[in-house]
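Predicted, not measured: the structure shown is a model, and the values here were computed from it. Worth knowing before you read on, the calculation uses all heavy atoms, side chains too, and leaves out hydrogens, waters and symmetry mates.
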Amino acid sequence: MSGVGDVAYPGGVTTALYRRYRPDTFADVIGQEHVTEPLVQALRTGRISHAYLFSGPRGCGKTTSARILARCLNCHEGPTPEPCGTCPSCVELARGGPGSLDVVEIDAASHGGVDDARDLRERATFAPTRDRYKIFILDEAHMVSPQGFNALLKTVEEPPEHVKFVFATTEPDKVIGTIRSRTHHYPFRLVPPDVLQPYLEQILAAEGVPVGPGVLPLVVRAGGGSVRDSLSVLDQLVAGAGPDGIDYESAVALLGYTHATLLDDVVGAIAARDGASAFRVVDRVIATGHEPRRFVEDLLERLRDLIVIAAAGEASAAVLAALPSDQVERMRAQAAALGPYELSRSADLVNAALTEMTGATSPRLHLELLVARLLLPAADDGVVGLGARLDRVERAVASGAVGAVGGAPAGSGEPASPAATVPTPPERPVPSPAPTPVPSPGPTVPPPAPDPAPVPAPTPEPLPAPGPMPTPEPMPTPEPMPEPSPSPAGPGLAAEDVRRRWPEVLATLRSLRMATWVLVSQNAQVGEVTDGVVTLTFSTPQLATTFRSGPHAANVERALHEALGLRARVQTDVGPAAAAGATPAGGAVRGGSAGPEAGAPGAAAAARAAASWDGPSAPAPAAPSAARPPAADAPAAADEPPPWDVPPGDEPPPDDAPPDRGAGRGGRAGAGRASSGAARVRAAAAAAAAAPATPPEDPVIDASPDDPDLEDSGLVGAPLVAQMLGGTVIEEVEEP
């Protein structure tokens with residue numbers, strides 16, 4: 001740089017950065033190695049063409065490279081790829097030099113007519129005044145008219161030996177083909193951010209201006225890969241910088257980009273399905289004067305970064321090297337909370353909304369509709385919406401959120417209550433009186449001889465109604481102690497504010513209780529903050545139960561108070577992914593657990609069939625201890641022949657026939673062959689009810705033959721907790 005940054009006009013007006021730091025050699029040109037290296041090699045070997053065409057976007061070094069080429073050609077030691085910098089030609093063509101008479105720069109935008117082309121053709125016939133070549137640099141060559149190009153065609157095709165042409169243009173297609181075919185075409189490109197940002201840091205170090213984190217990525221983004229545009233933006237920020245240099249707040253406000261805090265808030269609200277926080281962010285965007293379309297564009301770029309993090313994992317640090325490390329850590333947590341499929345769906349929605357907002361008369365309406373669609377994946381019944389809901393279920397299964405019955409359906413947006421996922425113990429089946437079972441037929445056993453008809457049991461007389469019990473005197477009820485009402489969540493502390501400062505709470509919590517910090521930092525995120533209550537959303541019901549069972553809630557409340565000055569009560573909730581993953585494959589069972597029918601469907605169906613035959617006149621069932629288990633070889637009753645001796649014509653009565661009041665359980669008097677069908681049904685029900693009751697098995701939700709077996713895994717103790725529950729062993733204490 002050699003003190004060039006100190007160049008200033010009289011009166012304290014300094015020159016622009018892109019002029020003070022214009023390269024003097026091909027080695028100083030950044031991001032264009034595919035052009036500079038072939039040119040250097042051509043100068044080194046002496047294979048120099050008579051005409052060159054430099055094309056590319058604005059501000060990427062076309063005119064600068066043309067001047068460097070002229071400097072290399074007219075150097076007293078040249079043609080050389082490294083000008084000496086001391087000869088008159090090198091000094092005149094250097095940065096800040098007056099220019100050379102033998103190097104003519106023509107603005108083709110204002111000198112593109114046929115008369116200008118004829119004048120240039122006449123000037124080309126004269127020899128250079130001092131240097132080796134007379135070089136014509138035509139900037140914005142695409143503005144030359146076709147008649148002007150035709151007038152130059154013969155001169156460009158067969159120029160004098162002392163004439164060189166360099167055409168620089170941003171639109172090479174507008175240069176007629178006869179001119180392009182007679183030149184060496186070198187396409188320039190935009191400079192990538194990983195090359196441009198270190199160059200800007202080098203310039204700021206030379207200027208002695210400190211810069212805050214996150215500022216240079218905004219400058220690179222505003223420049224769009226153009227070195228001149230980026231230096232112009234940086235020059236504007238340097239001009240308005242204070243004693244502390246350029247900070248992020250002033251750069252965001254000046255360049256009009258969305259603050260990273262707003263993007264963190266809206267992404268966190270979408271991950272937590274917090275519609276109130278998301279629409280508060282929209283209000284802040286409009287209230288602060290941000291353009292809605294610019295906000296949507298910045299949100300799309302943030303989602304792109306999150307997709308890169310979700311896809312590349314730890315390797316994404318190389319792609320996002322320009323971002324601050326603390327912001328990358330927050331984005332990792334956001335990518336893990338949303339999941340890759342939800343990120344892809346959100347990016348598609350934002351991209352479509354960005355296209356629709358072009359020229360829209362109500363951009364705020366489009367922004368609010370976009371936020372609503374981002375919060376409701378269940379409203380999208382297409383493949384993308386189904387994939388987003390399935391992604392949440394898979395992440396819930398991977399985290400162990402299975403084995404619970406009930407819960408909200410996937411994508412409902414309403415987290416299931418932890419209490420609703422705890423299975424209720426099944427009711428004990430009420431035993432019925434055991435009649436004589438019917439023996440199964442055998443090919444070699446003859447039918448046993450019928451016993452005499454049993455005497456019907458007398459109907460027990462109803463017990464007299466007990467008299468009224470004396471009413472005890474009411475005890476004086478103590479006045480309830482007033483419950484301390486939770487204090488409000490503090491002035492201005494909403495859910496997005498707590499999410500933004502959640503790392504501070506976790507740092508305080510780690511110093512208070514390591515076990516609580518491990519449980520909360522790895523498995524919970526902030527849900528809602530309303531009326532002095534902070535809701536922590538866990539990924540599985542088991543983790544929420546673990547949090548409630550110990551002093552973890554008190555530790556989190558203390559950390560909230562110490563870190564944020566917030567006095568609030570902490571409660572738990574289960575995320576939508578866990579609730580969706582808790583629904584069994586066969587359909588959700590709402591509001592309760594499996595009854596006796598779930599354990600023995602055949603026995604329950606037979607008991608209901610027998611009760612339908614007897615009607616309301618059936619006697620009360622006897623106690624289980626009084627029921628005598630029938631012997632395996634007990635003979636059948638006299639009025640109930642075995643099923644293989646029943647005539648074909650004896651069929652049970654139709655469904656609409658009145659029930660037979662004369663037939664009872666265990667063979668009542670008056671039962672004949674007409675009631676043999678009902679007897680068979682009652683006998684089957686009695687056999688099922690007399691079977692030894694087996695305890696109900698624990699329901700296995702979504703069991704698969706590919707699932708690992710707990711007994712075969714050999715995991716016990718800490719490895720079992722770590723693998724099945726996602727726990728972390730803090731310390732193992734061995735008792736003596």
Side-chain angles (χ1 to χ4, degrees), residues 26 29 32 34-36 38-58 60-75 78-81 89 93 99-189:
F26 284 122
V29 179
Q32 308 297 337
H34 62 287
V35 172
T36 58
L39 286 176
V40 167
Q41 184 64 23
L43 290 170
R44 187 178 292 116
T45 57
R47 297 179 178 273
I48 303 169
S49 177
H50 65 280
Y52 292 90
L53 175 62
F54 292 165
S55 66
R58 69 176 188 273
C60 58
K62 300 182 297 295
T63 306
T64 300
S65 298
R67 290 182 180 180
I68 296 175
L69 179 61
R71 194 166 181 243
C72 294
L73 291 175
N74 286 336
C75 179
T80 175
S89 177
L93 295 176
S100 175
L101 292 176
D102 294 331
V103 178
V104 182
E105 291 190 31
I106 300 175
D107 182 16
S110 57
H111 299 79
V114 63
D115 295 335
D116 299 313
R118 290 172 180 171
D119 179 65
L120 189 151
R121 185 179 59 186
E122 293 177 0
R123 294 170 62 182
T125 58
F126 296 100
T129 58
R130 182 194 61 197
D131 298 329
R132 186 178 297 109
Y133 296 106
K134 180 178 284 292
I135 302 173
F136 294 93
I137 300 176
L138 275 74
D139 201 5
E140 304 296 335
H142 60 278
M143 301 296 292
V144 178
S145 63
Q147 293 80 8
F149 274 127
N150 290 329
L152 284 176
L153 181 60
K154 191 63 177 177
T155 305
V156 173
E157 182 180 5
E158 297 178 358
E161 295 183 356
H162 60 272
V163 174
K164 303 292 183 184
F165 288 98
V166 180
F167 300 93
T169 177
T170 56
E171 301 180 24
D173 295 337
K174 292 186 177 180
V175 179
I176 62 176
T178 52
I179 295 291
R180 290 203 311 268
S181 62
R182 289 163 172 81
T183 62
H184 287 186
H185 185 194
Y186 289 94
F188 285 68
R189 302 169 185 170

Using modelled atom types only, decide if a donor and an acceptor are shared between the side chain of [X] and the backbone of [Y] within a distance under 3.5 Å.
X	Y	answer
Q32	R189	yes
S145	G112	yes
H34	P187	yes
D102	R130	yes
T183	H185	no
K62	G56	yes
R180	P172	yes
H184	H50	no

Is the closest side-chain heavy-atom distance between [X] and [Y] below 4.5 Å?
X	Y	answer
L153	R182	yes
L93	R67	no
L69	K164	no
S55	H142	no
N150	I176	yes
Y186	S65	no
L43	L73	yes
P160	K134	no

Let me see the working for T155 and F165 under side chain to side chain contact (heavy atoms under 4.5 Å, CB included), right down to the final yes or no.
-> CA-CA 10 Å; T155 305; F165 288 98; 3.8 Å; yes
At their closest point, which heavy atom of [X] faces which heavy atom of [Y], and how far apart are they?
X	Y	answer
R123	V104	NH2-CG1, 3.4 Å
I48	A42	CG1-O, 4.2 Å
P57	T170	C-CG2, 4.4 Å
H162	F126	NE2-O, 3.0 Å

About how many Å separate [atom2] of [Y] and [atom1] of [X], when rounded to the nearest 0.5 Å?
X	Y	atom1	atom2	value
L152	T178	CG	OG1	10.5 Å
I68	T63	CD1	OG1	11.0 Å
I135	E105	CD1	CD	10.5 Å
F26	T64	CZ	OG1	10.5 Å
M143	K174	CE	NZ	7.5 Å

Are S100 and N74 close enough that a side-chain donor and a side-chain acceptor fall under 3.5 Å?
->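 No pair is found: no donor N or O on one side chain lies under 3.5 Å from an acceptor on the other.
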Give me the one residue out of I137, V144, L138 that meets side chain to side chain contact (heavy atoms under 4.5 Å, CB included) with F167.
->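 Between F167 and the candidates, side chain to side chain contact (heavy atoms under 4.5 Å, CB included) is satisfied uniquely by L138.
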